[in-house]
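To start, the structure itself, in structure tokens.
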Amino acid sequence: MKSILVTGGCGFIGSHTCLELLERNFKIVVIDSLVNSSPLALERVKKLTNKVKNLSFYKGDLRDINFLREVFFRLKDENNSISGVVHFAGLKAVGESCYEPLRYWDNNVNGTINLIRVMEENNCKTIVFSSSATIYKVTNNLPIKESAEIQSINPYGSTKLVIEQLLNDLAINSPQEWRISSLRYFNPIGAHPSGLIGENPLGKPTNIFPLIMQVGIGRIKKLQIFGNDWETFDGTGVRDYIHVSDIAEAHFLALEFLLEHKPQIINFNLGTAKGTSVLELINMFQEVTKIKIPYEFTDRRKGDSCTVIADNSKAFLDLNWKPKRSLSEMCCDGWRWQSNNPSGYL
Ligand code: NAD
Ligand code: UFG
């Protein structure tokens with residue numbers, strides 16, 4: 001049985017992916033600093049699988065290289081060497097990154113450099129990295145292909161971009177050694193259908209879906225919609241929302257692909273290739289939950305794009321990955337999690 005290190009495995013996408021990888025018979029070792037998550041996420045993952053003994057957790061920060069070395073050393077000592085890494089750990093709030101760029105660069109970039117260094121020291125050269133659609137230059141050329149022009153417009157995006165460049169440099173320098181895949185997520189939402197794990201934002205969320213859910217449970221009175229004058233069919237911004245369980249499955253497939261093929265670097269968009277406007281998302285949420293979401297229109301948000309939709313054909317061609325879950329399942333599963341856990345993992 002292969003052991004996989006999952007950094008940031010207590011987080012939203014990480015916890016769903018841990019479950020997926022356990023069910024696919026990997027041993028999972030999670031490292032997480034808990035800066036934006038709770039260890040209870042892994043306790044919930046354990047409730048959803050009978051492979052509990054294959055999951056272990058080390059609390060620590062990727063910026064602490066001695067901690068990382070200690071984890072790799074201990075695992076080797078137990079004859080449990082790491083075959084590959086799924087690297088989620090990072091700070092992810094775009095707005096916050098504009099106020100605290102140094103914190104974002106330090107956490108995301110320095111953390112990744114340490115991780116790569118310790119991987120090299122242990123001859124572990126397989127990594128799946130959590131990237132983002134935010135690295136694409138704003139474009140009207142839709143849907144967005146992996147080959148589209150790249151440009152970051154905020155510090156968070158810069159950290160993703162520079163990490164992709166670092167991974168690219170490693171692949172160019174040692175083409176016979178590294179197996180690398182950056183997965184560029186579009187807008188992951190929803191939750192596991194059990195309602196036991198889901199997104200647990202510490203502090204006020206800024207993304208639309210957790211905000212809708214917080215209006216749903218009454219924590220926030222009214223949703224603000226950023227603009228009704230976009231060039232879309234109803235004037236509100238259009239995004240490519242994708243169920244987190246579909247994202248988790250793609251991680252298994254990308255990892256399996258890397259482990260079974262020759263060393264290479266290969267990047268994929270993870271989206272449904274379908275656009276949904278803010279108003280359509282609210283309407284779907286109201287329809288499946290029967291809960292009214294009061295909203296008001298406000299000015300456009302600085303730096304926002306009109307329409308962002310993935311071309312996901314490469315992931316289908318190379319990984320045989322197709323997202324299976326509908327927008328109504330995203331809303332239904334997300335709401336089950338939020339209504340069962342109004343205060344998150346408490
Ligand atoms: P999340 O905040 O729920 O999970 C990230 C996890 O990483 C958290 O558990 C956090 O405690 C941990 N972490 C952060 N810095 C760390 C460090 N230095 N050392 C150890 N652990 C650390 O976020 P998520 O939504 O699950 O996102 C996972 C990854 O996917 C992130 O890298 C994020 O940038 C990327 N991503 C997310 C989205 C999205 O909409 N959720 C979109 C595109 C990309
Ligand atoms: N929106 C509102 N009101 C809000 C929040 C958002 O109307 O309070 C709108 C936005 O204007 C946009 C849509 O809802 O039209 C989605 O906004 P999000 O903030 O949820 O998502 P973004 O697409 O702007 O950004 C997200 C992540 C980024 C990631 C990007 C990838 O936050 O990290 O998806 O496309 F890079």
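Start at 1 and go down the list; that is how both ligands and their atoms are numbered.
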* Evaluate the ring pair (Phe, Tyr, Trp, His ring centres under 6.0 Å) criterion for residues Phe129 and His251: first the C-alpha distance (whole Å), next the side-chain angles of each, then the deciding distance (0.1 Å), finally the verdict. => CA-CA 9 Å; Phe129 170 60; His251 284 76; over 10 Å; no
* Asked: Measuring from each atom of ligand 1, which residues have a heavy atom under 4.0 Å away?
  -> Gly8, Cys10, Gly11, Phe12, Ile13, Asp32, Ser33, Leu34, Val35, Asn36, Ser37, Gly60, Asp61, Leu62, Phe88, Ala89, Gly90, Lys92, Asn107, Ser130, Ser131, Ser132, Tyr156, Lys160, Tyr185, Pro188
* Taking non-hydrogen atoms only, is Thr206 closer than 4.0 angstrom to ligand 2 via side chain, backbone, both or neither? -> backbone
* Classify the side-chain pair Gln224/Thr298 by whether it contains a donor and acceptor separated by less than 3.5 Å. => no
* To do: Count the heavy atoms belonging to other residues, nucleotides or ligands that lie under 6.0 Å from NZ of Lys46, then report whether that count exceeds 12.
  => yes
* Structure fact -> At under 4.0 Å between heavy atoms, what of Leu211 touches ligand 2? The answer is side chain
* **Identity and separation of the nearest protein heavy atom to atom 33 (O) of ligand 2** => Tyr156 CE2, 3.3 Å
* Asked: Looking at atom 29 (C) of ligand 2, what's its closest protein heavy atom, distance included?
  -> Ser132 OG, 3.4 Å
* To do: Around atom 35 (O) of ligand 2, find the nearest protein heavy atom and jot down its residue, atom name and distance.
  => Ala133 CB, 3.4 Å
* Structure fact -> All heavy atoms of Ser245 vs all of His16, minimum pair found to be OG-CD2, 4.3 Å
* **Remaining members of the apolar cluster that contains Ile144, side-chain heavy atoms under 4.5 Å** => Ile135, Tyr136, Leu142, Ile150, Leu161, Phe186, Val308
* **Shortest non-hydrogen contact between Ser97 and Pro155, atoms and distance** => O-CG, 3.2 Å
* Structure fact -> The protein heavy atom nearest to atom 7 (O) of ligand 2 is Phe226 N, 2.9 Å
* Heavy-atom contacts with Asp304 under 4.0 Å: which atoms of ligand 2 show up? List them by number with element. => 10 (C), 11 (O), 24 (O)
* Can you sort out the partners of Glu177 under side chain to side chain donor-acceptor pair (under 3.5 Å), two or more places apart, ordered by chain and number? => Lys125
* Structure fact -> of all protein heavy atoms, closest to atom 23 (O) of ligand 2 is Arg239 NE, 2.6 Å
* Asked: Do Asp240 and Thr272 have side-chain N/O donor and acceptor atoms under 3.5 Å apart?
  -> yes
* Structure fact -> Closest heavy-atom pair, Gly11 versus Asp32, reported as atoms and distance to 0.1 Å, is N-OD2, 3.9 Å
* **Nearest-contact summary for atom 27 (C) of ligand 2 - protein heavy atom, Å** => Asn207 ND2, 3.6 Å
* What protein heavy atom sits nearest atom 24 (O) of ligand 2, and how far off is it? -> Arg301 NH2, 2.9 Å
* With a cut-off of 4.0 Å, which atoms of ligand 2 are near a heavy atom of Asn187? -> 21 (O), 22 (P), 23 (O), 26 (C), 34 (O), 35 (O)
* To do: Run the numbers for me: atoms of ligand 2, each under 4.0 Å from some heavy atom of Gln224, listed by number.
  => 2 (C), 3 (N), 4 (C), 7 (O), 8 (O)
* **Contact list for residues 335-346, test side-chain hydrogen bond (donor to acceptor under 3.5 Å, both in side chains), sequence neighbours left out** => Arg44-Asn341, Asp333-Arg336
* To do: For ligand 2, note which part of Thr134 has a heavy atom under 4.0 Å away: side chain, backbone, both or neither.
  => both
* To do: Decide whether Glu23 and Thr49 meet the rule of one side-chain donor and one side-chain acceptor closer than 3.5 Å.
  => yes
* Asked: Are Glu329 and Ser326 linked by a side-chain donor-acceptor pair shorter than 3.5 Å?
  -> yes
* Asked: Looking at Ile225, which atoms of ligand 2 are within less than 4.0 Å of one of its heavy atoms?
  -> 7 (O)
* Asked: Using a heavy-atom cut-off of under 4.0 Å, does the side chain or the backbone of Ile208 touch ligand 2, or both, or neither?
  -> both
* Taking the six-membered ring of Phe226, is NZ or CZ of Arg300 closer than 6.0 Å to its centre and within 45° of its axis? -> no
* For the residue pair Ser158 and Ser152, confirm or rule out a side-chain donor-acceptor distance under 3.5 Å. => yes
* Measure the acute angle between the ring planes of Phe257 and His261, then classify it against the limits of 30° and 60° as parallel, tilted or perpendicular. => parallel
* Structure fact -> A student checking ligand 2 against Phe186 at a 4.0 Å heavy-atom cut-off should list atoms 31 (C), 34 (O)
* **Taking atom 16 (C) of ligand 2 as the reference point, the nearest protein heavy atom with its distance** => Tyr241 OH, 3.5 Å
* Structure fact -> Atoms of ligand 2 under 4.0 Å from any heavy atom of Gly237, numbered from 1 in the order shown, are 15 (O)
